[in-house]
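Beneath this line is the structure, given in structure tokens, with notes to follow.
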Amino acid sequence: MDLAGSDFPLWLRAQHLLNFVLMGMLIRSGIEMLSSLPRLWWRNDCAPGTEWLKFTRRELPKEEGVYTSLMDERSVSPLLSLPGRENIGLGRHWHGLSVMFWVLNGIVYAALLFATGLWRRIVPTSWEVFPQAWDSLLMYLSLETPDISHFTPYDSLQMLGYTFVIFVLAPFQMLTGVAMSPAVRSRFPWFVKALGGHQGARSLHFIGLVIFSGFIVMHVSLVLLVHRDHNVIHMVFGGGEVTTARAAQALVIMVATIVAVVVFWIALSYWSLADRARAQRLTTAVTEVGRTIFLDRMRPLGAKKKAYTDRDISRFHWTNGLPPTEDESQLWVQARDNDWQGLTITVRDDINDVEQHLTLEDLRALPRHSYVATHTCMQGWSATSRWTGVRLTDLMDVLGPRPAGARYLMAESYGLAQKMYDNRPREPFYAVIDLETMAEEESILAYERNGHPVDEHLGAPARLRVESNHGYKHVKWVSRIMWIHDYADYGDGRGGTREDSALQAFNGRI
Ligand SMILES: Nc1nc2c(c(=O)[nH]1)N[C@H]1C(S)=C(S)[C@@H](COP(=O)(O)O)O[C@H]1N2
Ligand SMILES: [Mo]
């Protein structure tokens, strides 16, 4: 195959089209994720009123623990967002799926670019490119059109633009994107800190999107305004004679393709919404491959490495899920009003029907583990605290050796889920983690935060902390922790309340 045969070989044109399809999916699912918490911060505690940008008129209460991030979600039309209508779980799966193909497409593109020598027309190799680009810019600003001989096939301004987008902006989006994964943060905390923490990464990722969008608008405008016939013929046919007839043909093919892609984007939304569970099954079948290869190997550094110190502790802490009410758990409410007297946490082997009830004093008598870490909700907010409690491995040792057949650990709450997505009755909040995640040093049942008993709204008297996972695994107001054989046997079988109803992935590492 003559890879560099025509001006624009087939592989290049095919990858250009695929990139267009995937970028659209990334932007649309990105909107879904942003709409689940439509605010951006530089401050890592996301304190109310400190946003630098927001897409909602709602004012945040200054008081902690009265407003939850689920209350802040905004519903966006499926015409714009993928999939739209407050489906953060599916939005995240679509983002993950698109990014896997987008990165693959990018790697193949870069490899072929260098293999064929075509990189030479994109990557500037002389400093001359700057004065030349400046001349081009002045020409465009004076609304003149550079002569076609100027493009061989790209002029200096294009070279700079393309090089920037391909070799700077795209990697920048990948880096700021993965920085938002709790598994990456727990393993490479210095990297996330260098980007300004979770909120820095999130805000920079958004700014990257804005620059990308600006580039797309400029790129498309210039293609259509400056030597349009030449451009569309090259984009669609790869090259050849520039005649009015061929240009018209190319333009029709291009417009028809764009219409088909837009229909495809919107169809993805409605297809997802028509059967959300099916959409979750099929998208996570793909994203799990990436999670297993890249994220499952990443384990937290360990408390001794001191990635975060007490100086990083946040002033404000967001909440998701409100404390149990009298209707949800009379026991919990009475115990709260009575200094936690009478409240126990059950440690159980659900396979052999063996259990023990631990009081808070029992918990405190077990080995203590303490570390400073940033909590992130997959909706986007973060807060750094010192958490102290008992490692889950030490806790379960109370029952003796791990029973044969135990493959997961499940935690349940005294409180009900704040929101069920499909108008189902609210159920006790629960989450399941696998044995490797449980064995991580930072997987604890926490009873202290910043040296004080855990606050009521943050999970008193004890809550899970699973450092390598997003917040939806960190069950608050824990009532029971137990060995189970398979999470398929509990709830809807997806491994947690947020997995069952919001269709989050079982694996909470990204
Ligand atoms: N019982 C219970 N635990 C829960 C939730 C909940 O709704 N109920 N929300 C989870 C989610 S999505 C997050 S992000 C964290 C929030 O923890 P925080 O409120 O302590 O900040 O709690 C998790 N644990
Ligand atoms: Mo969350």
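Both counts, for ligands and for their atoms, begin at 1 and track the order of listing.
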message: One pair to check against ring-ring contact (aromatic ring centres under 6.0 Å, His included): His369 and Trp387. What are the steps and the verdict?
response: CA-CA 8 Å; His369 187 68; Trp387 293 97; over 10 Å; no
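Close N/O approach between Lys476 and ligand 1 is found [any backbone or side-chain N/O within under 3.5 Å]. Residue His474 places at least one N or O, backbone or side chain, under 3.5 Å from an N or O of ligand 1.
Regarding atom 17 (O) of ligand 1, its nearest protein heavy-atom neighbour is Arg463 NH2, 3.1 Å. Looking at atom 12 (S) of ligand 1, its nearest protein heavy atom turns out to be Asn320 ND2, 3.5 Å. Among all non-hydrogen protein atoms, the one lying nearest atom 1 (N) of ligand 1 is Ser413 OG, 3.0 Å. In terms of protein heavy atoms, atom 21 (O) of ligand 1 is closest to Trp318 O, 2.7 Å. Taking atom 11 (C) of ligand 1 as the reference point, the nearest protein heavy-atom neighbour is Gly471 O, 3.6 Å.
Residues Trp381 and His375 place their aromatic rings such that the two centres sit under 6.0 Å apart.
Taking the ring axis of Phe316 as reference, the NZ or CZ atom of Lys62 does not stay both within 45° of it and closer than 6.0 Å to the ring centre. Both the sub-6.0 Å distance and the 45° axial angle are satisfied by Lys473 relative to the ring of Phe506.
Within ligand 1, the atoms closer than 4.0 Å to a non-hydrogen atom of Cys377 are 14 (S), numbered from 1 in the order shown.
Contact between Met378 and ligand 1 is absent, with no heavy atom of the residue lying under 4.0 Å from the ligand. Ligand 1 is approached by Trp381 to a heavy-atom distance shorter than 4.0 Å.
Within 6.0 Å of CZ in Phe294 there are 12 or fewer heavy atoms belonging to other residues, nucleotides or ligands.
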